[in-house]
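Taking it in order: structure first as structure tokens, then the write-up.
Lettering follows sequence order; numbering is per chain, from 1.
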2 protein chains.
Amino acid sequence: MGIKERRAREKEQLQQQILSAARELFVNEGYENVSMRKIANKIEYSPTTIYLYFKDKADLLDSVCKETLLNLLNTLEQLKSNISDPVETLRKSGRAYVEFGLKYPQDYKLTFVIRPQFQKGLGLEEGSVGEKVFDYLREMVSECIRQQVFCQVDIETTGQVMWSAVHGVTLLLIDFPDFPWTEKDKLIDAVIHTTIEGLKA
Amino acid sequence: MGIKERRAREKEQLQQQILSAARELFVNEGYENVSMRKIANKIEYSPTTIYLYFKDKADLLDSVCKETLLNLLNTLEQLKSNISDPVETLRKSGRAYVEFGLKYPQDYKLTFVIRPQFQKGLGLEEGSVGEKVFDYLREMVSECIRQQVFCQVDIETTGQVMWSAVHGVTLLLIDFPDFPWTEKDKLIDAVIHTTIEGLKA
DNA sequence: TATTCAACTTAACACTGTTAATTATATCAT
DNA sequence: ATGATATAATTAACAGTGTTAAGTTGAATA
């Protein structure tokens, strides 16, 4: 009974095709400036076909963001190696986080700024990929605390402080590219270094 | 020649009326969900009248954001009192910044996240209100450095690190209200405290 | 009173997300 | 191979969007 499977495969392929087209357009032209008709044109289907695969435009955004979070998670998990020096790992993770945001600025904004505006359900709920990203951060931080490098014992707060710092600098660099920033890498390092030192104190 | 003056006054009044209506709608329903026609209805004028006072919708957003920055600047400047303890002043300023963002979350996002998406001209250019806000921060930081409380001598970087931290936590709290944050006030204090301690180290 | 000029409005254009009704197509049973 | 069935994709339409051009009003000037 290979027919049904083939059909299912084809359906999934088209769904993926729609997703790719949507991501590419969202990233290049901005979510607001992308119409369902534009996406439809790109994949050479009629606009309403998209609605057979996604509930609406916000749902499409949702799926794109989920992919982005998966990418981010993969990028981070590749750094989890040397747990012996947890502070160094945390530093590297911070850098990787910011660099991910700057490498895919539109994706980052889509996921962490624009999506929350449309879907009140954050994408950080239990079991979600978003939660796993924060889980990763929690793990890093908790190892630092366990080895008594950080003074404070509150894992949650510590993680959230770290997240605030990297999220903040990422968005500022994305949103105000013409601001007379300190040299970019220096600023990122300063943010991460300052936060880590602050957590040690 | 009071007639022309009266007419000019009336024009300015209507402009202000449009601005107020726009802000109220933007704040309550989100920039994307507010149409020119909605604004027009609110002030009981035809939609196209707005275009006699503002170039387009983005220009309207621009003006709303400029007002927001002025509000923020005023809020901050009221704290500039006791320069004797610059660290305490900086701490208070940080808190005031975040609290401003949380008090007017839509305004904050409009100004620091949504506007940059539409107007590449940041609103932080020379002579602007936005620049004055960062000038304020620079002043606070520079006093800390002058009194040798902060080790680093780079005023710019230090200020930008501080800004990253408060911007980050503000946006996270706004965008993910359902995330299991540490108690809000505790988190804000932790962010500011950590950053300041980190800058001391 | 006629004219000029600014303020404002109406009508229109090309576009948006989305739904309902309709057509085409590929699979199945006969 | 032919007809029935289910599913995939399309067309047409609705109510709404930002914005422009042309037209109307009404008051200040000559």
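Using a 4.0 Å cut-off between a side-chain N of Lys or Arg and a carboxylate O of Asp or Glu, B/Arg95 and B/Glu99 qualify as a salt bridge. Between B/Arg23 and B/Asp107 there is a salt bridge, since at least one side-chain N of the basic residue sits less than 4.0 Å from a carboxylate O of the acidic one. Ion pair B/Lys186/B/Asp189 not flagged as a salt bridge, since none of the NZ, NE, NH1 or NH2 atoms sits closer than 4.0 Å to an Asp/Glu carboxylate oxygen.
Residues passing the ring-ring contact (aromatic ring centres under 6.0 Å, His included) test with A/Tyr45: none are found, sequence neighbours excluded. B/Phe134 pairs by the ring-ring contact (aromatic ring centres under 6.0 Å, His included) definition with A/Phe179, B/Trp163, not counting sequence neighbours.
When every heavy atom of A/Asp56 is checked against every heavy atom of A/Tyr51, the shortest pair comes out as CA-CE2, 4.0 Å.
Each of A/Lys132, A/Lys80, A/Arg146 was checked for a salt bridge (charged side-chain N to carboxylate O under 4.0 Å, His left out) with A/Glu139, and the lone residue meeting it is A/Lys80.
Pairs of residues two or more places apart, or lying in two chains, that qualify as side-chain hydrogen bond (donor to acceptor under 3.5 Å, both in side chains) and include a residue from residues 27-36 of chain A are A/Glu29-A/Lys38.
Per the geometry, CD belonging to B/Gln13 stands 14 Å off P belonging to C/dA7, to the nearest Å. Rounded to a whole Å, the CG atom of A/Leu14 is 15 Å from the P atom of C/dA26.
In the region residues 15-33 of chain B, proximity to DNA chain C at under 4.0 angstrom, judged on heavy atoms, holds for none of the residues. DNA chain D lies under 4.0 Å from at least one heavy atom of each of the following residues of residues 34-60 of chain B: B/Val34, B/Ser35, B/Met36, B/Arg37, B/Thr48, B/Tyr51, B/Asp56, B/Lys57.
Helix-axis bend for the helix from C/dT1-D/dA30 to C/dT30-D/dA1: the local axis fitted to the five terminal pairs at one end deviates from that at the other end by 20°, rounded to 10°.
In this model, a donor atom of one side chain and an acceptor atom of the other lie less than 3.5 Å apart for A/Glu143 and A/Gln147. The closest side-chain donor-acceptor pair between B/Ser93 and B/Tyr136 falls under 3.5 angstrom.
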